[in-house]
Amino acid sequence: ALGGLGSIVWAELSTVHYQQTLAGVAGLLGVLGVVGPASYVRCFLSMIGSAVGGLMAGACVRFFLAVVGCNLDSDASSLSWPESVEALVRGNGGIAGNAVWSLLLILGIVRCLLTWECTSYAAISDV
């Protein structure tokens, strides 16, 4: 059986009577994320990137906790990283994986709202 908030959210979305509207809104937001106004695209990409990056990092944490034996709901010998991703998406990925995922998503949203740029290059002055 599935557990956790993620399963509850998916169950609720699956029972919404207006599935065409839900699909249309999701599709429109996705299209706008590619060809929409620059301010929307910037925040959209920041949030989607933070969600996916957080999911990747959270699954990594969940996987390695299972490898060292700290994850009580998984057998480390049969656990794979994709299974860790699936568990997080389904809402039963454990507190550590969910915390990492949530933290990185929140940091991405805050970064977008504050227009905080992270750069790995030095400013080059004009010659």
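Below, all heavy atoms of this structure are taken into account, side chains as well, without hydrogens, waters or symmetry copies.
More than 12 heavy atoms of other residues, nucleotides or ligands sit less than 6.0 Å from atom CZ of Phe44.
One N or O on the side chain of Arg62 and one on the backbone of Gly93 form a donor-acceptor pair closer than 3.5 Å. A donor-acceptor pair is defined here as one N or O able to donate and one able to accept, closer than 3.5 Å; no such pair exists between the side chain of Ser46 and the backbone of Arg42. For Tyr40 (side chain) and Val34 (main-chain N/O), no donor-acceptor pair under 3.5 Å exists by modelled atom type. Between the side chain of Trp101 and the main chain of Ala51, a donor-acceptor pair closer than 3.5 Å is present.
Residues Ala59 and Leu88 approach most closely at N-CD1, 3.2 Å, considering heavy atoms. Contact detail for Gly108 and Ser50: the closest heavy-atom pair is CA-OG, 2.9 Å. Closest approach of Trp81 to Phe63, counting heavy atoms only: N-CD1, 3.8 Å.
Interatomic distance, Asn98 CG to Leu55 CG, rounded to the nearest 0.5 Å: 9.5 Å. In this structure, CD1 on Ile48 lies 9.0 Å from CG on Leu29, to the nearest 0.5 angstrom. The distance from atom SG of Cys43 to atom CD1 of Ile109, rounded to the nearest 0.5 Å, is 9.5 Å. For the atom pair CE (Met56) and CG (Leu104), the distance works out to 11.0 Å, reported to the nearest 0.5 Å.
Under the 4.5 Å side-chain heavy-atom criterion for grouping Ile, Leu, Val, Met, Phe, Trp and Tyr, Leu114 is connected to Ile106 within one hydrophobic cluster.
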